[in-house]
2 protein chains.
Amino acid sequence: MVAKRKPMPVAEAVQAVMNVGNEAKKEAIPLANSYGRVLAEDLVGDHDVPSFDRSPYDGFAIRAEDSTGANRNRPVHFQVVGEIGAGTVFPRAVQAGEAVRIMTGAKIPAGCDAVVMLELADEHNSDEMSIKRALSPGDNISFQGEDTKKGTPLVPKGTSIDPGVIALLATFGYAEVPVAIRPRVGIIATGSELLEVHEPLEPGKIRNSNAYMMAAQVERTGGEPVLLGKLPDDLDACIEAVSSALQEVDMLITTGGASVGDYDYVPDIIERLGGNPLFNKVAMRPGSVTTVAEIDGKLFFGLSGNPSACFVGFELFVRPILRRSLFFEKPHLKRTKATLGKDYPKPNPFTRFVRATLEEDDGRFVAKPGGLDKSGSVTSIAGADVLIALPGGSRGYETGMSVDIFLLDDHKGSEWPWENIVASYKS
Amino acid sequence: MVAKRKPMPVAEAVQAVMNVGNEAKKEAIPLANSYGRVLAEDLVGDHDVPSFDRSPYDGFAIRAEDSTGANRNRPVHFQVVGEIGAGTVFPRAVQAGEAVRIMTGAKIPAGCDAVVMLELADEHNSDEMSIKRALSPGDNISFQGEDTKKGTPLVPKGTSIDPGVIALLATFGYAEVPVAIRPRVGIIATGSELLEVHEPLEPGKIRNSNAYMMAAQVERTGGEPVLLGKLPDDLDACIEAVSSALQEVDMLITTGGASVGDYDYVPDIIERLGGNPLFNKVAMRPGSVTTVAEIDGKLFFGLSGNPSACFVGFELFVRPILRRSLFFEKPHLKRTKATLGKDYPKPNPFTRFVRATLEEDDGRFVAKPGGLDKSGSVTSIAGADVLIALPGGSRGYETGMSVDIFLLDDHKGSEWPWENIVASYKS
């Protein structure tokens with residue numbers, strides 16, 4: 001009556017999901033809408049920046065050799081032969097003894113090789129100025145290509161587009177930006193105990209929080225959540241609902257109903273739809289009861305209905321494949337180390353992923369487990385910046401120990417974070 | 001001819017901006033749209049979670065006292081008198097020797113005080129099971145209120161809404177969420193050297209990258225960018241354009257044209273519109289030529305046209321006031337420490353904000369200056385995770401020194417990060 005489930009190690013389970021192909025696809029969108037999207041092509045500079053020698057200051061462009069010998073007692077005089085606003089170009093080569101009034105950002109005129117800062121020039125009248133200090137060739141010039149040279153790879157595809165990347169995209173003329181199409185991720189909640197968010201509480205029932213939580217997790221990861229409501233109570237109707245949902249989305253998540261109880265339809269749904277189950281139990285807490293299958297080339301995730309377990313299951317199994325289909329080179333959770341900021345006395349026979357807040361203490365990460373540490377807890381998720389990975393086999397952990405953590409609100413990621421997660425130690 | 005400008009210390013300039021009132025306002029939006037917005041009211045639990053004693057497992061609810069003495073050799077038998085799916089309630093109190101089949105999440109029936117996990121029960125037929133181990137009262141029960149109690153403050157207003165906060169909002173029935181109205185921030189680029197992003201390069205001209213970059217900075221901060229194009233070349237038309245822009249937005253940023261050159265209209269615009277200039281030069285690099293004024297109670301920012309200077313000016317001066325009008329308690333850039341990951345040999349007479357990428361090395365921040373470190377650089381902005389604050393008065397900094405950094409992609413912030421920024425030291 002009770003289906004026997006053999007737990008799969010976490011790394012193996014993640015790998016099984018990643019083995020299912022999920023091609024990244026791209027589209028072109030207007031630059032002004034591209035913040036937070038993911039670059040789908042390498043950005044390579046197609047011209048030098050600056051694209052011409054330019055003045056970093058307001059001042060006078062001169063030939064440096066003409067200033068030789070200038071000092072406090074013997075100023076050198078120049079004839080001011082014109083001016084160049086930013087965006088305009090001086091029409092002829094500058095001759096010996098001539099200076100051109102130049103604005104910040106304007107192109108250095110032919111013949112000139114230095115700029116006198118405005119504050120250091122004595123202007124005598126509109127066509128004469130003098131300086132009291134000699135300049136060397138190249139003084140106060142921003143040279144063509146000094147910021148970056150044509151052909152330089154600047155931002156690799158799979159990078160989350162931030163304000164700095166946008167500045168580069170604009171500089172290189174990307175009015176339209178090639179970005180990853182946001183994979184559509186269907187979300188279905190199951191469970192007859194679930195009330196809609198707007199409904200008043202009833203005895204024995206809870207409000208559906210997982211669907212909204214996961215929609216936000218999908219958004220944070222870079223996908224497009226598609227809320228598909230609840231599954232019906234009848235198996236045939238369920239199968240029909242899942243089957244038609246799978247037509248609409250790139251991957252599908254259900255939450256709840258995947259426990260070992262009598263009412264769990266998930267294994268039947270997978271079987272009846274001819275799916276290929278990858279695993280149905282993982283050697284971890286929370287989230288041990290996690291099912292993933294491939295159905296018609298698409299991933300079907302059956303996550304736990306317990307909020308903390310659902311949350312962790314998403315981050316470990318859904319996020320990386322979603323990130324890979326967004327061109328991320330490092331699709332997994334970014335792993336680093338932190339100091340444990342609070343005792344964790346609970347004996348720990350299983351590999352555990354503890355929701356924690358991250359603080360910095362003089363540039364060092366400190367991770368503090370937050371809220372109730374149970375699979376069904378919802379408070380431990382709010383304010384969770386990281387998951388602390390605590391390998392099984394310990395009697396508990398003490399404040400000050402060094403622990404492995406996975407960053408949740410991160411765009412950099414890890415290539416493969418699952419090697420050598422060792423028991424924590426006190427540093 | 002050259003307007004004399006007295007540089008104001010950074011902290012004083014930031015304070016001057018913060019002194020201009022900018023009231024935070026709220027609106028109600030659907031829960032499903034609330035990811036990334038900012039909570040405008042404190043979230044306090046209005047009921048216990050769980051709201052009833054419930055079963056964390058599939059199994060049998062029993063009276064613990066009935067199991068006394070059960071062991072491998074002497075199993076104790078129970079009569080199974082019914083079952084409770086999640087969301088349903090058992091209609092009567094359970095009596096001595098009775099058990100009720102219970103699903104994960106279901107309400108513990110009256111009379112019961114323990115749950116036998118399904119795997120540990122021997123089911124003999126549909127109405128009988130036995131166990132080989134005694135239970136204590138409370139075993140395998142998730143108690144009402146164990147996650148959080150009614151009336152507990154859970155998330156303060158001014159918190160960025162992440163998946164965990166959404167789970168709580170759903171749990172407490174927030175179908176509509178009170179969030180901060182995103183302040184509208186107008187962005188105007190100035191400069192006759194500016195090409196539109198789609199235009200081909202021309203001699204002496206550059207593409208307008210600052211406007212798009214700042215729009216993304218506004219989005220990252222939580223505001224709504226309003227791209228208002230370029231200013232006309234004529235002063236009266238400029239004044240008219242700024243004046244009408246100010247009607248439309250909550251604050252206005254211009255970039256470019258705020259240098260000491262002849263073509264700078266910004267001071268005239270402020271004066272003609274009866275504005276109150278807060279400062280027009282700041283003792284820092286890049287971004288020293290930054291003007292801020294109050295015009296009719298609204299902030300007008302005249303940022304440098306140099307990309308790096310514009311970027312830094314935004315983060316230091318625009319971001320905090322924008323965050324404050326989003327209910328953030330800690331509106332300023334989050335300050336912490338990092339190890340300098342690369343020599344910074346440049347002599348440093350001024351307080352400098354160096355764009356850098358942040359890496360973690362075993363839980364310790366390492367900040368590496370990236371790209372060309374000049375005011376006009378655009379490459380140094382791409383990939384910038386932090387600003388390294390390097391106080392003036394040093395001959396340069398070496399790898400391994402401890403430096404103050406400000407995190408850019410952060411939702412936590414600092415209350416006031418401008419005290420005691422000291423010269424770096426080698427730790």
Side-chain angles (χ1 to χ4, degrees), chain A residues 2 31 35 47 49 51 56 58 85-89 103-105 107 118 142 147-148 155 163-168 170-171 173 175 191-193 197-198 201 203-205 207 209 212-213 216-217 219 259-261 263 307 336-338 360 362-365 372 376-379 381-384, chain B residues 2 31 35 47 49 51 56 58 85-89 103-105 107 118 142 147-148 155 163-168 170-171 173 175 191-193 197-198 201 203-205 207 209 212-213 216-217 219 259-261 263 307 336-338 360 362-365 372 376-379 381-384:
Chain A
V2 177
L31 178 63
Y35 172 68
H47 62 73
V49 177
S51 61
D58 290 318
T88 63
V89 177
M103 306 305 160
T104 302
K107 184 175 180 181
L118 195 61
S142 290
D147 198 357
T148 187
V155 188
V165 173
I166 286 186
L168 279 180
T171 299
S192 38
E193 77 277 25
V197 171
H198 66 268
L201 276 193
K205 302 209 169 190
R207 295 199 184 96
S209 62
Y212 293 97
M213 174 185 78
Q217 287 177 288
E219 281 196 69
S259 199
V260 292
Y263 290 133
T336 184
K337 290 209 169 271
E360 297 96 28
D362 271 3
R364 197 171 256 291
F365 280 140
L372 180 74
S377 169
V378 68
T379 56
I381 310 170
Chain B
V2 178
L31 179 62
Y35 171 68
H47 62 74
V49 177
S51 62
D58 289 319
T88 63
V89 177
M103 307 304 162
T104 303
K107 185 175 180 182
L118 196 58
S142 289
D147 197 359
T148 186
V155 187
V165 173
I166 285 185
L168 280 179
T171 299
S192 38
E193 76 278 25
V197 171
H198 66 269
L201 277 193
K205 301 208 169 190
R207 294 199 184 96
S209 61
Y212 293 96
M213 174 184 79
Q217 288 177 289
E219 281 196 70
S259 198
V260 293
Y263 292 132
T336 182
K337 290 209 170 272
E360 298 95 28
D362 271 2
R364 195 171 256 291
F365 280 141
L372 179 75
S377 169
V378 67
T379 57
I381 310 168

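Per chain, numbering begins at 1; letters A, B, ... match sequence-line order.
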Against chain B, work out which of [options] has the most heavy-atom pairs shorter than 4.5 Å and name it.
| options | result |
| --- | --- |
| A:Ala170, A:Pro307, A:Ala175, A:Ser142 | A:Ala170 |
| A:Val197, A:Val89, A:Val49 | A:Val197 |
| A:His47, A:Lys107, A:Arg207 | A:Arg207 |

What are the two closest heavy atoms between [X] and [Y], and how far apart are they?
| X | Y | answer |
| --- | --- | --- |
| A:Lys205 | B:Gly87 | CE-O, 3.2 Å |
| B:Ala382 | A:Leu168 | CB-CD1, 3.3 Å |
| B:Ala167 | A:Ser209 | O-CB, 3.4 Å |

> Measuring heavy-atom distances to chain A, does B:Leu201 have an atom under 4.5 Å in its side chain, in its backbone, in both, or in neither?
Replying inline: side chain
> By a 4.5 Å heavy-atom criterion (distance strictly below it), what part of B:Val378 contacts chain A: side chain, backbone, both, or neither?
Replying inline: both
>> Counting heavy-atom pairs under 4.5 Å with chain A, which one of B:Gly105, B:Ala338, B:Gly173, B:Ala384 comes out on top?
In response: B:Gly173
>> Aromatic contact between B:Tyr35 and A:Tyr212, with the criterion being ring centroids under 6.0 Å apart: yes or no?
In response: no
Rounded to the nearest 0.5 Å, what separates atom [atom1] in [X] from atom [atom2] in [Y]?
| X | Y | atom1 | atom2 | value |
| --- | --- | --- | --- | --- |
| A:Thr104 | B:Glu193 | OG1 | CD | 9.0 Å |
| B:Leu372 | A:Thr148 | CG | OG1 | 9.5 Å |
| B:Thr379 | A:Asp147 | OG1 | CG | 3.5 Å |
| A:Glu360 | B:Arg364 | CD | CZ | 12.5 Å |
| A:Thr171 | B:Met213 | OG1 | CE | 9.5 Å |

>> Looking at B:Ala86, is its backbone amide N or carbonyl O close enough to the side chain of A:Ser192 to form a donor-acceptor pair, meaning the two atoms are under 3.5 Å apart?
In response: yes
>> With a 3.5 Å distance limit and no angle check, can you tell me whether B:Ser51 reaches the backbone of A:Pro203 through a side-chain donor-acceptor pair?
In response: no
